[in-house]
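Throughout, a chain's letter reflects where its sequence line sits, starting with A, and its residues are numbered from 1.
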There are 2 protein chains.
Amino acid sequence: MSASDETLAKKIETALTGRIVSGRLQPGARLRQDRIAEEFGASHVPVREAFRRLEARGLAFSEPHKGVRVTSFDVAELREVAEMRASLEALALRHAAPHVTATLLREAERATERAEKARDVGEWEEANRAFHRMLLEPCGMPRLLAAIDDLHLASARFLFAAWRSDWEARTDHDHRAILAALRRGQVDAACDVLARHVGWMGRRGGARQSVEIEVAEKLLD
Amino acid sequence: MSASDETLAKKIETALTGRIVSGRLQPGARLRQDRIAEEFGASHVPVREAFRRLEARGLAFSEPHKGVRVTSFDVAELREVAEMRASLEALALRHAAPHVTATLLREAERATERAEKARDVGEWEEANRAFHRMLLEPCGMPRLLAAIDDLHLASARFLFAAWRSDWEARTDHDHRAILAALRRGQVDAACDVLARHVGWMGRRGGARQSVEIEVAEKLLD
DNA sequence: ATGCGCTCATGGATCATAGATAGTCCGGCG
DNA sequence: CGCCGGACTATCTATGATCCATGAGCGCAT
């Protein structure tokens, strides 16, 4: 899918998002348009377009005539993102629940297992996001889903910044609880667990990450 | 503030957002880059950058090599926006409440009065948005506030599309109820009223608008 | 310390290319 | 003989490259 996104600007955009989210481009890092243009064998025009999209998604910010930098994040923003996710994902699940099929629940189950068997953060993040996406998709609210996707991206940045190498997968009781509640048709309960699950991540992650975030925050040319 | 936003792209962006939100650019209308460039005495480069930002904010969408169009909206999206606003504004208010001062409440009161005395939709929308913005600002969550702003923009589009000329201001009991609850420190109650207030707008507006939305949806040029 | 000038990156204009659309012409078929 | 379908071409528009100017940052000299 990302092989030929048709337009150069999109290709550059996805490449850069990948680097920012994965942490290869650290917070505060400066994005120099002609450096990047040169790297992609392009001119600065599509690069600038990519910048504008990164900006809108909150991954970068630009100061006029001063250039573009990767946005830095602090613990406050992690909490912010977590709480927004809690609100919006609960809303989405409430609307999605009536349309969730048994097949979908089984697939979600598999995603959870995949997450538990993950060997590194990357795999876990992928599986975890798939789980959430899968359950919420049937709500049929594209704008809401897009907003949630952006928040997941931000979450992923924290994730990768905090656990770079050391990592152990643990069984995710919350995910199973959500699935169980949905099977019984207890929509409110499922939403509650989901909201708490996501919000908790915000509070829990804070302590763990604060140290390494600081490390990550030193500006990198 | 919009007088000299420094960069051309930003100026074009704000101009276009204004036109789209106000309805001067109707849903489905095609945005031709060199037409617009010519109009602003610019080249297509900053115009394209403005497009990307509009796109990210959900005001326009682009198909590769086919151009950019103003997004069309239907009743479903109105409900979606309303529910997202309900969730997020409640969240914001919950965090803002502890930092809301008496002075701020008085200013909010004045905004409500201004809305009630509004002579046209434009004035009302401005005052109404000011009221909401004002109360939520102290939450100190920039990402959340930005998201809410975008949703307000979308709401405003519906507003202007539905009530183009005929309009009568009515006293806003919900606003006063929110202020009263906040004065008494009943945060939960305030959030409830706010959520219901915004969500109700979604359901109520639907019937009223469906007719004229269709009118607005005929593609222009 | 402060002001001047040098350098470099950003923002923008102009010029080239490629993709899409529409109009037309030709051939086949009724 | 006329009508329809499909392919080809021509034009128009979006995308991208190259080129230019203005503003920012920095060092040097006073």
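Computed from coordinates, the B:R69 CZ to D:dA14 P distance equals 11 Å when rounded to whole Å. At whole-Å resolution of the value, CG in A:L8 and P in D:dA14 are 18 Å apart. The separation between B:E55 atom CD and D:dA14 atom C1' is 13 Å, rounded to whole Å. As rounded to whole Å, 12 Å separates atom C1' of C:dA20 from atom CD of B:E63. To the nearest angstrom, C1' of D:dG16 lies 16 Å from NZ of A:K10. At whole-Å resolution of the value, CZ in B:R32 and P in C:dT21 are 14 Å apart. In this structure, A:E49 atom CD and D:dA14 atom C1' are separated by 10 Å, rounded to whole Å. The distance between atom CZ of A:F51 and atom P of D:dG16, rounded to the nearest whole Å, is 15 Å.
Contacts of A:D34 with the nucleic acid, taken as non-hydrogen atoms under 4.0 Å apart, include base atoms. Counting any heavy atom pair closer than 4.0 Å across all strands shown, A:L31 reaches sugar-phosphate atoms only and no base atom.
Salt bridge status for A:R52 with B:E49: present, with a side-chain N to carboxylate O gap under 4.0 Å. Ionic pairing of B:K117 and B:E113 is not present here: no N-O contact between side-chain nitrogen and carboxylate oxygen is shorter than 4.0 angstrom. Ion pairing of A:R57 with B:E55 is absent here, as no side-chain N (NZ or NE/NH1/NH2) approaches a carboxylate O to less than 4.0 Å.
The side chain of A:T7 lies closest to D:dG16 when the candidates are D:dG16, D:dG23, C:dA13. For B:R30, the listed nucleotide lying nearest its side chain is D:dT13; candidates were D:dT13, C:dA13, D:dA17. Nearest to the side-chain atoms of B:H65 among the listed nucleotides C:dG12, C:dA20, C:dG11 stands C:dA20. Side-chain proximity of B:Q33 to D:dG25, D:dA14, C:dG11: nearest is D:dA14.
Between A:F131 and A:H175, the angle of the ring planes stays under 30°, which puts this pair in the parallel group of the 30/60° scheme.
For B:H44 and D:dG16, a side-chain-to-base donor-acceptor distance below 3.5 Å is present, hydrogens and geometry of angles not being considered.
The shortest distance between the side-chain N/O atoms of B:R48 and the OP1/OP2 oxygens of D:dA14 is not below 4.0 Å. Here B:K66 reaches the OP1 or OP2 of C:dT21: one of its side-chain N or O atoms lies under 4.0 Å away.
Under 3.5 Å, the side chains of B:R69 and B:S62 contain no donor-acceptor pair of N or O atoms.
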